[in-house]
Amino acid sequence: MIEVSLLDPFDYLSIPLGEWVEAILQYLVQNFRGFFRAIRWPIDQVLDVSETILKSIPPLIGIILSSLLGWQLAGKKMGVFCAITLFFLGMIGVWSESMTTLSLVLTSLFFCVVIGVPLGILSARSDRIEKIVRPILDAMQTLPAFVYLVPVVMLFGIGNVPGVLVTIVFALPPLVRLTNLGIRQVPEDKIEAARAFGCTPRQMLFKVQLPLATPTIMAGVNQTLMLSLSMVVIASMISVGGLGQMVLRGIGRLDMGLATVGGVGLVLLAIFLDRLTQAMGERTDASNTLHWYETGPVGFVVRAYRGIQAK
Amino acid sequence: MTDTTDILSIRNVYKVFGEQPDTAMQMLRNGATKDEIFEKTGQTVGVFDASFSVKKGEIFVIMGLSGSGKSTMVRLLNRLIEPTAGTIELNGKDITGLGDADLLDVRRKEMSMVFQSFALMPHMSVLENAAFGLEISGVDKKERNRRAQEALEQVGLGEHGASYPHQLSGGMQQRVGLARALTNDPTILLMDEAFSALDPLIRYEMQGELIRLQKEQERTIIFISHDLDEAIRIGDRIAIMEGGRVVQIGTPEEIMRNPADDYVETFFKGVDVSKILKAGDVACPTSGCTIRINGSVQPFDSANNDFGYLLDNSDKLQGIVPLTGLDAAQTNVDHLMQQRVDQHAAVYSDDMVKDIVKKVANAEYPVPVIERNGTFCGVISKDRLLQTLSHT
């Protein structure tokens, strides 16, 4: 006789979740290979372009361009800071790997923005969509990356493209959340004023909500970048190149030097990107009253040009 | 100054906030009160059977304490809040049934709004803010900047176009808000407690500004306020709201003289009447002993009156005579004319009471009140003035 215990009903009540997932996965792999290959295509294109550009720029030119960008976005100090960080990156001998990682991160950022900002806008406009999206975002952020690494490999293969894909999964949520939050936080009186002057919903979005939400959205971009960078190391397990690979190889061979160099490279890249995007967020703040072409190197050139014209 | 055509008429407008406005409306029709409805259905009645009309070119003030429904009322007019029942006619056209496109058109061309919190866009310069309404309407940049600049100059901010709102003081920000509304050249200007967030001095200045602008370009203004002094100062007519109802509508004098109920009366209690009443309101036409001088002298009563007011055929005041010791039967026109007080004082009927106090106090006789064309309309004695001022 089987003893039925009421206190522990899970002996006979159980869901074979694992088996189901495996079955579904098998089914998908066998029947939808073409579909998943198609998803690879756009990522492949963007990744190719960004990697080619970043790799073809000589380090010195790269450093100069980045510092000019930093100067333009946040003043001379930022320019100098960018130069030092990147110079250091080059000196520890990881320039090429950094560029691979940077292209991966920028590609995933590109897709995160393309997917995340519209999704954030949608969920800001409809409470129902927000209710649906929220748990999905929670799952994307909390599900351990190792759980979906294997299915991704089975469906997409290995290499940089599936690497970008898992990075998107991990880095997308904050951008959606912060876009949603930013738009919802636009003060009610501004919305009311815009309505009173006859804004259509589209005008409301582009002329009022998005501009006012930009600092928050930029914070989302910043978070997405940081998460992408941290994901790059885990993604290197499915043979993604760059700095993450160095770290993984270093750990695998107990070569602490190699791991540390890769790690420090990542940190430097992170600091560089973090500062830049933060500066971009601050620029969009209301307190900034100069036009972009009046500041930084562009302002410098414009002033010089006007000076010449005046003579 | 005011034309008598109604530009906006509001008839039996209701607003019920909540999930089932229909149930609440049904109960209202059956005579339920606001509190009963809230108890039974949880619906809040924001505006209850409001009816009034606004004349072209007037400043119409909707007054009430907070929670009286005045802010809801003004938002019903441009349908920022949808009315539950009733009609709102703008120039004879009902706007409650308008579709989206027509409604946008009304908001863009007919009505502009000024907000208590200014509600300027922080990411736009002052000029861009002022041009916002036109930008939304799709007017090209050159044209809208020109008109926005004009509006900014009207409110005295012509120099600040390139600044950003956060660089300006509160008063200046509200001027930008006003300019933004004026740029659209709307038929009706809705001002929702527009000056309430400003400090008293700036508020007074802005009220003056509004009165000046109104003189320059007669617009219809609907002004929401909780400040009675403000309402009296700028309003041609005032509607008083209490608990979602419009309790009384009229000019400040009318309301003060005949308050509709205790609520209105208490409202007006603390008001300085000398700022509302004009000399013509205080003078009674029957007071004072008038003596018609058309060749002969009509009989007069010198026993009960100390002074007589000489009027010619067309009721123009000719002079004031002390009557003590005079007998109507024994006097003639020439004699009366000789007895006149030198350089007698007089006030015009449209002078504010606050401006005539000194004259009345200094004169030995009750001061005569005359129309601008010289017609006599009565006198104000010291007693009469004191009685008026002691109104509580």
Side-chain angles (χ1 to χ4, degrees), chain A residues 73 117 121 124-125 127-128 178-179 181-219 221 279-295 299 302-303 306, chain B residues 71 74-75 77-82 100-126 128-139 160 162-168 176-177 180-181 183-184 186 188-193 197:
Chain A
L73 289 175
V117 173
I121 292 171
R125 299 197 138 194
D127 286 338
R128 189 180 298 172
L178 284 166
T179 304
L181 183 73
I183 291 179
R184 281 175 188 266
Q185 271 182 344
V186 172
E188 199 50 49
D189 62 329
K190 312 273 192 278
I191 301 287
E192 193 177 42
R195 280 181 64 208
F197 280 93
C199 272
T200 58
R202 171 187 281 265
Q203 283 173 327
M204 179 77 79
L205 181 66
F206 287 106
K207 292 195 190 294
V208 181
Q209 289 174 317
L210 281 183
L212 289 179
T214 307
T216 317
I217 296 176
M218 285 313 294
V221 168
M280 282 162 96
E282 277 157 24
R283 266 182 64 80
T284 57
D285 254 6
S287 55
N288 199 317
T289 53
L290 285 173
H291 291 286
W292 65 271
Y293 56 77
E294 285 168 351
T295 58
V302 168
R303 277 196 298 277
R306 283 185 185 154
Chain B
S71 286
V74 75
R75 281 166 178 71
L77 300 181
N78 60 358
R79 284 178 56 196
L80 283 180
I81 298 176
E82 289 289 341
D100 284 352
D102 293 330
L103 179 62
L104 285 186
D105 228 38
V106 166
R107 286 179 183 164
R108 287 172 181 180
K109 298 196 179 116
E110 309 281 358
M111 296 190 199
S112 287
M113 199 160 171
V114 182
F115 296 85
Q116 178 176 14
S117 60
F118 320 142
L120 300 176
M121 304 298 161
H123 61 288
M124 295 179 178
S125 70
V126 166
E128 285 165 341
N129 262 296
F132 183 72
L134 293 179
E135 184 184 348
I136 296 304
S137 310
V139 175
H160 293 82
S163 313
Y164 279 78
H166 68 96
Q167 296 171 315
L168 304 181
V176 179
R180 176 173 65 179
T183 308
N184 276 24
I188 298 178
L189 197 58
L190 306 173
M191 305 187 71
D192 179 24
E193 303 227 16

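Predicted, not measured: the structure shown is a model, and the values here were computed from it. Chain identifiers are assigned alphabetically (A, B, ...) following the order of the sequence lines, protein sequences preceding nucleic acid strands; residue numbering begins at 1 within each chain. FYI, side chains are in, hydrogens and waters are out, and symmetry mates aren't considered; it's all heavy atoms of this structure.
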Chain A contact via [X] - side chain, backbone, both or neither, heavy atoms under 4.5 Å:
{"X": "B/L103", "answer": "neither"}
{"X": "B/N184", "answer": "side chain"}
{"X": "B/F132", "answer": "side chain"}
{"X": "B/R79", "answer": "backbone"}
{"X": "B/M124", "answer": "side chain"}

Taking all atoms of both residues into account, what is the closest heavy-atom pair of [X] and [Y], and its distance?
{"X": "B/F115", "Y": "A/A196", "result": "CZ-CB, 3.8 Å"}
{"X": "B/I136", "Y": "A/C199", "result": "CD1-SG, 3.3 Å"}
{"X": "B/S112", "Y": "A/F197", "result": "OG-CE2, 3.9 Å"}

*B/E135 vs A/Q203 side-chain heavy atoms within contact, under 4.5 Å*: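 No, too far: nothing below the 4.5 Å cut-off.
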_Side chains of A/E192 and B/M113 in contact at under 4.5 Å (non-hydrogen atoms)_ =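 In short, these two side chains do not touch, never coming nearer than 4.5 Å.
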_Partners meeting side-chain contact (heavy atoms from CB on, under 4.5 Å) with B/S137 (sequence neighbours left out)_ =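 Expected list: B/R108, B/V139.
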*Using a heavy-atom cutoff of under 4.5 Å, enumerate the residues of residues 182-191 of chain A that contact chain B, numbered in order, or state 'none'.*
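Expected list: A/D189, A/K190.
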_Full working for side-chain contact (heavy atoms from CB on, under 4.5 Å) between B/M121 and A/K207_ = CA-CA 9 Å; B/M121 304 298 161; A/K207 292 195 190 294; over 6 Å; no
*Check whether any side-chain N or O of B/H123 sits under 3.5 Å from a backbone N or O of A/T214 as a donor-acceptor pair, and report yes or no.*
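Not confirmed, B/H123 side chain does not pair with A/T214 backbone.
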